[in-house]
Every structure is written in C-alpha cells, then in structure tokens.
Amino acid sequence: MIYLDNAATTLPKPSGVLEAIENALAECGNAGRSGHQAAMKSAEVLYHCRDMIGRMFGQDNPEQVVFTLNTTHALNLVIKSVMREGGHCVISGYEHNSVVRPLHAMQRNGVTYSVVRTPLFDPGSFLEEFEKLIRPDTICAVCTHVSNVFGYIFPIEQIDKICAKHGVKLIVDAAQSAGCIPIDCKKFSSLAALCAPGHKGLYGPQGTGVLICGDEMKWYPMMEGGTGSNSLSLEQPDFLPDLLESGTQNVHGLAGLAAGVEYVLSCGEDEILRHEQELIGYAAKELAKIPRFRVFNGEPQAGVLAFVDEWLSAEEITDFLGEKGIAVRGGLHCAPLAHQTVGTSSGCVRISVSSFNTFGEIEAVCDVLKEL
Ligand code: PLP
C-alpha cells in the first residue's frame, strides 16, 4: 500500500512508538492511584509525556498540558470553557466540524459566530477580513493552523496580535501542524489554548490528544470523576491537569506519544515540513499536467494537497486509487465549511504526506492518475 492519508492519521508509526507502547503494556499500573512500583512507573510515563509536549510547544508548566482523547476533545473543552456564558466568536472559513459543530450546538446558550470567508493562500485578505468581523461582544476566535483539506498555512502569529489588540482569546487548532510547524506558545499574547492530536504529526497512537492551556484561563470540565487527588471532596479538583482529566489515563497510548515526539525532535520539525512541502510541490506539478484536473496549490502550503477532476467524482477517484493499493481520502474531510469557502462543495481528493513518504511513491501515484 502507498499510504497518503496522513492528515487523517499517520501511518506507519516509528518503531520507537511501537516499542514504547509494548513496554508500557508490560510495565504500567494505574498512575496516581497507588504508590507501588507499577503505579509509579505509569506516573513517570505520564509526566515524561507531559514534559515532552510542554517543551515542544513552549509551555513551561507541564501541568498546563492536559491529555485528551483527540483534537476534537481538546477543542470541545476549550470552546465550551471560553464560550460558556455566550458571546460572539470569529472563525476561519476553513474550520473542521470539530469547531463548527460545538459552536453550532452552543447557539442555544447564546453563542453567535461569524465566518471569515477569504480565498485560499491569501493571508493578507484573511487578516483584513478577520479584524473587520471582531465586534464589541467578541470573546474568542478559532483558527485552524493548517487547513486539513487544502494544506493552507494560516498566519497564526499575526492573528494572535490582532486578537491581543482587541482583547479576544485565540484558540488554535493545530491538528495538521503539530509536529511539522514549530509552535512556541510563549510567543502568543492571546492564547486560550492550542489543541493538537497525538496521532497525526506527532506520530503517536490514536486515542491521544493534547490541550495546551494558555495562562489565566477559567476552565470547566466536560466530565467529573476520580483523579487520585482530593478524594474526600465531592467537588472536582480546581487545579490542572486534574480538573480536566478524570478517570484512568491512556498511559499506553501516551507512552507511544512521548516516543512519537522524540521521533519528531530527532528528525527536526523544519526538516519534516521541508520534506513534506517538496513532495506536495512535486505532486502538484505533475498533477497539473492532467488537463481535466484542478489542483489547489499555493503558498504557504503544508503537506496536504487537494484536487478535483472535471468528470469523475472525488469518491470515484479515491475508489480507483484504492483498488491500486493507494490510500487517499476523497469527499468532504469533515470540513464542509472549507469546501463551501473554496467552492468545492461536492468534495475533493486529498493527498497528505508524512516524513515516511518518498518521491518514488508520489511518482507512482501520479503515474496511476495519468493513466486514469
Ligand atoms: N481539526 C482539524 C483541522 C483536523 O484535520 C482534524 C482531523 O482530521 C480535527 C480537527 C479533529 O481531529 P481528531 O480526529 O484528532 O479529533
């Protein structure tokens, strides 16, 4: 199989990730529930992962790194905390349903939101329109760092500056950037939180995600329960990470995630991005030779490339490639808003690469598409 669906989840995972999970399965008890050797080992694994993630994203306090099931879970936690009392929110026209659906559901709590609908690969017009949509009742903004459909990299540093100027909290969805674009939370002035998956560019297993909490935020849990701390109290602990982490943690998965982060650091995020951009640039150039194809390529773009065919639907092309052993994703990519913004509402075919993909693989896929 040639796997080009890394924006959904990376595959393969580095061998160190598999080993770390296997070791954790053999050695780990339940962290924070006891002081015996197996429980202590588990607590060490959790602390190590928290610390690695904190270092990677410039959060010096590991307690402000909260483990979640995935990006969606992290986004729900922060959106539902910040927008709890209602108010207005500004989002990009490229948001995933993990942003749009919680906001839509919160309309019954008095939440309203405006969408910045600007063209692909045009950060200047995005920033201009974004600022225009901020109102006196705007509480927060949510922006994907990289569009999961088109690979368009958003100017989050400038977005942060605009948010800081207007006293608006910024939520960054780093689902497609974590692990390939360096992010330093210390450089942000308005950050409510950064939400990232463990299972994509950080090369960890599925069922892992992180919420990197900004400073001076008021948090509300989505569930209460055992934390191994303040057990006599009926109230959920009011400190992080316990406030937001009830129940047994996915220590096996998080052992794998720490190993994934080590892998990314050993390659270098800049190097991973450079490799992915080269592969995508090459694919874009080759696919543009097929006259029926419209290829969405521009600057700045990460390792995600979408295209449409004049005749065949995205699903037909995806199925055709699947029969040839090539894994891509066709359709709406859980981001119908992005397709509406660009005008591809019947969907696209998406190629997404990781550090493991090669030029040979991209060449083979382009050859198959040319044959089609
Ligand atoms: N946001 C973006 C931009 C995504 O691409 C995805 C998943 O593809 C998500 C959020 C949701 O991520 P998860 O599957 O980790 O919940």
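We count residues from 1, following the sequence as given. First listed ligand is number 1; within each ligand, the first listed atom is number 1. What you see is a predicted model, and the numbers here were worked out from it, not measured in a lab.
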**Message:** For His88 and Ser114, which I'm curious about, is there any donor-acceptor pair between the side chains at under 3.5 Å?
**Reply:** yes
**Message:** Distance alone, cut at 3.5 Å: any donor-acceptor contact between the side chains of His48 and Glu262?
**Reply:** yes
**Prompt:** Does Phe188 have any ring pair (Phe, Tyr, Trp, His ring centres under 6.0 Å) partners at least two apart in sequence or in another chain, and if so, which?
**Reply:** none
**Message:** Looking at Glu128, is its backbone amide N or carbonyl O close enough to the side chain of Glu131 to form a donor-acceptor pair, meaning the two atoms are under 3.5 Å apart?
**Reply:** no
**Prompt:** Has the side chain of Ser354 got a donor or acceptor atom that lies under 3.5 Å from a matching backbone atom of Phe356?
**Reply:** yes
**Request:** Taking all non-hydrogen atoms of both residues into account, name the closest pair between Ala283 and Leu305 and its distance.
**Result:** CB-CD2, 3.9 Å
Are there any protein N or O atoms under 3.5 Å from the N or O atoms of ligand 1? List them with distances, or say none.
unit_1, atom_1, unit_2, atom_2, d
ligand 1, 1 (N), Asp173, OD1, 3.4
ligand 1, 1 (N), Asp173, OD2, 2.5
ligand 1, 5 (O), Gln176, NE2, 2.7
ligand 1, 8 (O), Lys200, NZ, 2.6
ligand 1, 12 (O), Thr71, OG1, 3.1
ligand 1, 15 (O), Thr71, N, 3.0
ligand 1, 15 (O), Thr71, OG1, 2.7
ligand 1, 15 (O), His199, NE2, 2.9
ligand 1, 16 (O), Thr71, N, 3.4
ligand 1, 16 (O), Thr72, N, 2.9
ligand 1, 16 (O), Thr72, OG1, 2.5

